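Every chain is numbered from 1 and lettered A, B, ... according to where its sequence line falls, protein lines coming before strand lines. Predicted, not measured: the structure shown is a model, and the values here were computed from it. Below, each value reflects all heavy atoms present in this structure, side chains not excepted, and no hydrogens, waters or symmetry copies.
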Amino acid sequence: MSFAVKLMNWYRENGRDLPWRTTHDAYIIWLSEIILQQTRVEQGIPYFHRFVEAFPIVTKFAEANEEDILRLWQGLGYYSRARNMHKAAKMVVNDFQGIFPNTYEGAIRLPGVGEYTASAIASFSSNEAKAVVDGNVYRVLARYFGIKEPINSGQGKKMFTEIAREILDKENPGTYNQAIMDFGALQCKPRNPLCGDCIFRPECVAFQEGLVGMLPVKLKGKESRNRYFHYFIVMEHDQMLMSKREQGDVWANLYEFPMIETADDMSMADLMAHADFIRYFEKDTVLKVVGKQVKHVLSHQNIYAHFYIIGNPHALKKKKKSWNYHYYEKIDKLAKHKLIFSFLEKNEHLISDK
DNA sequence: AAAGCGGGGTG
DNA sequence: CACCCAGCTTT
């Protein structure tokens, strides 16, 4: 029996019941696939339901404004996915007559859709014979065939993609793709895979040669860098000063409190002597520390954040427009990043009339 | 080819 | 703590 047939037999018995598996609507499948990029299924499911409800068809998505989309995306991370989805939806309306592409060649033209996602959309919505290659597939193939080539090298990616193409079931690409990903997620897991009752024990090279724990091989990335953020809570009447982050850094287009970033960690006294602080605030400014330093870990940087309340009115030199700032009464409506909204959750008392 | 981009779960 | 997750874009 072929790899594909054994795999699909396993899938029939053990596959997961996932909400996007009941449709062939390319738009709905696209929604789910973008949400699931670098995101665990359990984490993505509530967002999937939210987006389907808010934007049941692609034209609704295209009509929305970016603020609303980012707010729905809030907390999921990799926010360029949300911004690209908006561009893609508008492209479908303007260039594809509102008909969401259900082919690989059509889907891959959309921003935010790469080889994996285009293959997923095409195979799930129209059964086009394209093989998905995601983290699960890399792992299953590396172990089954005993491949020691790193999965994140150029050579490795080519090799795995080629093998994936060859062993794809061309008659049932949609089911096969679902099956290999479920197999990677449930059976051939990253740690402690369930080799004991695996259907592929006889032919799995990694199992036969005792390499399961070593595969797949992955090259290490760069180390994280440290950054130090100092956030200022500036209240005026019932409003709070918020600023929108720019492109080219983490959390693009999301809102946060106005802040100063420093190269090294800093006490409050040193911060108040810092050139940027003097540029923004009057000499008589009173700062009050809120809570302790917060460490916020991203995959590529560690952010150490301090929060201060401005204790006296008119502390801000308002003529300086260096912050892209606005006062907001209902900051609930703003799309904020995790560091800010988790701070707000813990400090609700800081916000008037909540 | 390498870097940048989030947040959360797991062992 | 390190590693990984239904990856893509930019440099």
Side-chain angles (χ1 to χ4, degrees), chain A residues 15-16 18-21 29-48 70 73-85 87-88 107-121 123-124 130-140 142 150-158 160-161 164 174 176-186 188-193 213-214 216-225 227 245 247-254 295-303 335-342:
Chain A
R16 288 175 290 189
L18 299 175
W20 43 86
R21 285 184 173 166
I29 291 165
W30 166 75
L31 273 183
S32 72
E33 291 301 338
I34 304 293
I35 288 171
L36 293 173
Q37 287 170 5
Q38 292 293 284
T39 303
R40 288 167 307 100
V41 164
E42 307 83 65
Q43 191 186 359
I45 285 177
Y47 286 86
F48 172 75
L70 281 174
W73 198 269
Q74 183 173 267
L76 196 54
Y78 285 156
Y79 297 89
S80 66
R81 290 183 289 173
R83 299 191 303 270
N84 281 332
M85 280 178 105
K87 288 184 203 158
I108 200 140
R109 292 177 53 189
L110 302 173
V113 175
E115 284 181 44
Y116 163 78
T117 305
S119 300
I121 293 172
S123 64
F124 300 152
K130 291 286 182 182
V132 295
V133 184
D134 74 332
N136 292 304
V137 175
Y138 280 121
R139 185 170 56 257
V140 172
I151 61 173
N152 56 344
S153 69
Q155 276 288 340
K157 283 181 192 166
K158 271 179 61 182
F160 283 97
T161 302
Y176 169 89
N177 280 336
Q178 300 279 14
I180 193 167
M181 290 193 284
D182 261 11
F183 186 78
L186 301 175
C188 197
K189 301 183 293 176
R191 308 250 222 138
N192 302 339
M214 316 290 303
V217 174
K218 192 171 181 179
L219 272 26
K220 285 200 191 243
K222 254 188 52 174
E223 274 186 43
S224 298
R225 64 183 171 125
R227 305 176 70 177
R245 290 184 66 86
Q247 302 280 347
D249 197 356
V250 289
W251 300 318
N253 295 11
L254 297 186
K295 181 180 182 184
H296 190 84
V297 179
L298 306 182
S299 55
H300 47 290
Q301 48 188 281
N302 302 314
I303 293 171
K336 302 171 290 293
H337 56 77
K338 179 74 184 182
L339 179 53
I340 294 301
F341 72 69
S342 65

Quiz item: Can you tell me how far CZ of A/Arg139 sits from CD1 of A/Ile180, rounded to the nearest 0.5 angstrom?
Solution: 10.5 Å

Quiz prompt | Pairwise C1' distance, C/dA6 and B/dA3 [rounded to whole Å] | solution = 23 Å

Quiz item: Out of C/dA6, C/dA2, C/dC4, which has the shortest distance to the side chain of A/Asp134?
Solution: C/dA6

Quiz item: Taking atom C1' in both B/dG6 and C/dC3, what distance in whole Å separates the two?
Solution: 16 Å

Quiz item: Atom CD1 of A/Ile108 to atom C1' of C/dG7: distance rounded to whole Å?
Solution: 12 Å

Quiz item: Is there a donor-acceptor pair closer than 3.5 Å between any side-chain N or O of A/Asn177 and the backbone N or O of A/Lys130?
Solution: yes

Quiz item: Any side-chain N or O of A/His296 less than 4.0 Å from the OP1 or OP2 oxygen of B/dG7?
Solution: yes

Practice problem: For A/Arg16 and A/Asp182, indicate whether the former's side chain and the latter's backbone hold a donor-acceptor pair under 3.5 Å. | Solution: no

Exercise. Mind calculating the distance between CG (A/Leu339) and C1' (B/dG8) to the nearest angstrom?
Key: 15 Å

Quiz item: If we only count heavy atoms from C-beta on, is the A/Trp73 to A/Ile35 side-chain gap below 4.5 Å?
Solution: yes

Quiz item: Heavy atoms, side chains only, cut-off 4.5 Å: are A/Val113 and A/Trp30 in contact?
Solution: yes

Exercise. Specify the residue among A/His337 and A/Lys189 whose closest nucleotide of DNA chain B lies further upstream toward the 5′ end.
Key: A/His337

Quiz item: According to the interplanar angle, ranging from 0 to 90°, do the rings of A/Trp251 and A/His337 count as parallel (below 30°), tilted (30 to 60°) or perpendicular (above 60°)?
Solution: parallel

Quiz item: Hey, which of A/Glu42, A/Gln43, A/Gln37 is the one that makes side-chain contact (heavy atoms from CB on, under 4.5 Å) with A/Thr39?
Solution: A/Gln43

Quiz item: For A/Asn177, which contact category applies under a 4.0 Å heavy-atom criterion: base, sugar-phosphate, or nothing?
Solution: nothing

Quiz item: Which of residues 76-83 of chain A have a heavy atom under 4.0 Å from DNA chain C?
Solution: none

Quiz prompt | Atom-pair distance (CZ on A/Arg225; C1' on B/dA3), nearest Å | solution = 11 Å

Quiz item: Base, sugar-phosphate, or nothing: which does A/Trp73 touch, judged by heavy atoms less than 4.0 Å apart?
Solution: nothing

Quiz item: Considering only side-chain heavy atoms of A/Leu298, which listed nucleotide, C/dC5, B/dG7, B/dG4, is closest?
Solution: B/dG7

Quiz item: If we ignore angles and hydrogens, is there a donor and acceptor under 3.5 Å between the side chains of A/Arg21 and A/Gln178?
Solution: yes

Quiz item: Are A/His300 and B/dG4 close enough that a side-chain N or O sits under 4.0 Å from OP1 or OP2?
Solution: no

Quiz item: Expressed in angstrom and rounded to an integer, what is the separation of A/Ile180 atom CD1 from C/dC5 atom P?
Solution: 13 Å

Quiz item: Among C/dA6, C/dC5, C/dT9, which is the nearest nucleotide to the side chain of A/Arg139?
Solution: C/dC5

Quiz item: To the nearest 0.5 Å, how far apart are OH in A/Tyr47 and CD in A/Gln74?
Solution: 7.5 Å

Quiz item: So, A/Tyr116 and A/Glu33: side-chain donor and acceptor under 3.5 Å apart, yes or no?
Solution: yes

Quiz item: For atom P, what is the distance between C/dC8 and B/dG8, given to the nearest Å?
Solution: 22 Å

Practice problem: With heavy atoms under 4.0 Å as the rule, sort A/Arg21 into base, sugar-phosphate or nothing. | Solution: base

Quiz item: How close or far is atom C1' of C/dC3 from atom CG of A/Asn152, stated in whole angstroms?
Solution: 13 Å

Quiz item: What is the distance from CE of A/Met85 to P of C/dA6, rounded to the nearest Å?
Solution: 17 Å

Practice problem: May I ask you to say what A/Val113 touches in the nucleic acid, namely base, sugar-phosphate or nothing, with a heavy-atom cut-off under 4.0 Å? | Solution: sugar-phosphate

Quiz prompt | Spacing of A/Lys338 atom NZ relative to B/dG9 atom C1', expressed in whole Å | solution = 13 Å

Quiz item: In terms of side-chain heavy atoms of A/Tyr116, which of B/dG8, C/dC8, C/dA2 is nearest?
Solution: C/dC8

Quiz item: Which part of the nucleic acid, if any, lies within contact of A/Val250, taking any heavy atom under 4.0 Å across all strands shown: a base, the sugar-phosphate backbone alone, or nothing?
Solution: sugar-phosphate

Exercise. Look at all strands and tell whether A/Leu18 reaches a base, only sugar-phosphate, or nothing, counting heavy atoms closer than 4.0 Å.
Key: base

Quiz item: Has the side chain of A/Thr117 got a donor or acceptor that lies under 3.5 Å from a partner of the other kind on the base of C/dG7?
Solution: no

Quiz item: In residues 36-47 of chain A, what residues come within less than 4.0 Å of DNA chain B, judged by heavy atoms?
Solution: A/Gln38, A/Thr39, A/Arg40, A/Gln43

Quiz item: Closer than 4.0 Å, any side-chain N/O of A/Trp20 to the OP1 or OP2 of C/dA6?
Solution: no

Quiz item: When we call it a touch if two heavy atoms are under 4.0 Å apart, what does A/Lys220 touch: a base, just sugar-phosphate, or nothing?
Solution: sugar-phosphate

Practice problem: Report the nucleotide, chosen from C/dA6, B/dT10, B/dC5, that has the shortest atom-to-atom distance to any side-chain atom of A/Arg16. | Solution: C/dA6

Quiz item: Are the side chains of A/Phe183 and A/Val137 in touch, meaning some heavy atoms are under 4.5 Å apart?
Solution: no

Quiz prompt | Nucleotide nearest A/Lys222 (side chain, heavy atoms from C-beta), chosen from B/dT10, C/dA6, B/dG4 | solution = B/dG4

Self-check item: CD (A/Glu223) with more than 12 external heavy atoms under 6.0 Å
Solution: no

Quiz prompt | Between P of C/dC8 and CD1 of A/Ile35, the distance in whole Å | solution = 15 Å

Practice problem: Could you say whether A/Asn84 or A/Lys218 is positioned toward the 5' end of DNA chain C, judged by the nucleotide with the nearest heavy atom to each? | Solution: A/Lys218

Practice problem: Return the 5'-most residue of the pair A/Ser153, A/Trp251 with respect to DNA chain B, ranking by each residue's nearest nucleotide. | Solution: A/Ser153

Exercise. Using a heavy-atom cut-off of under 4.0 Å over every strand shown, decide if A/Gly221 touches base, sugar-phosphate, or nothing.
Key: nothing

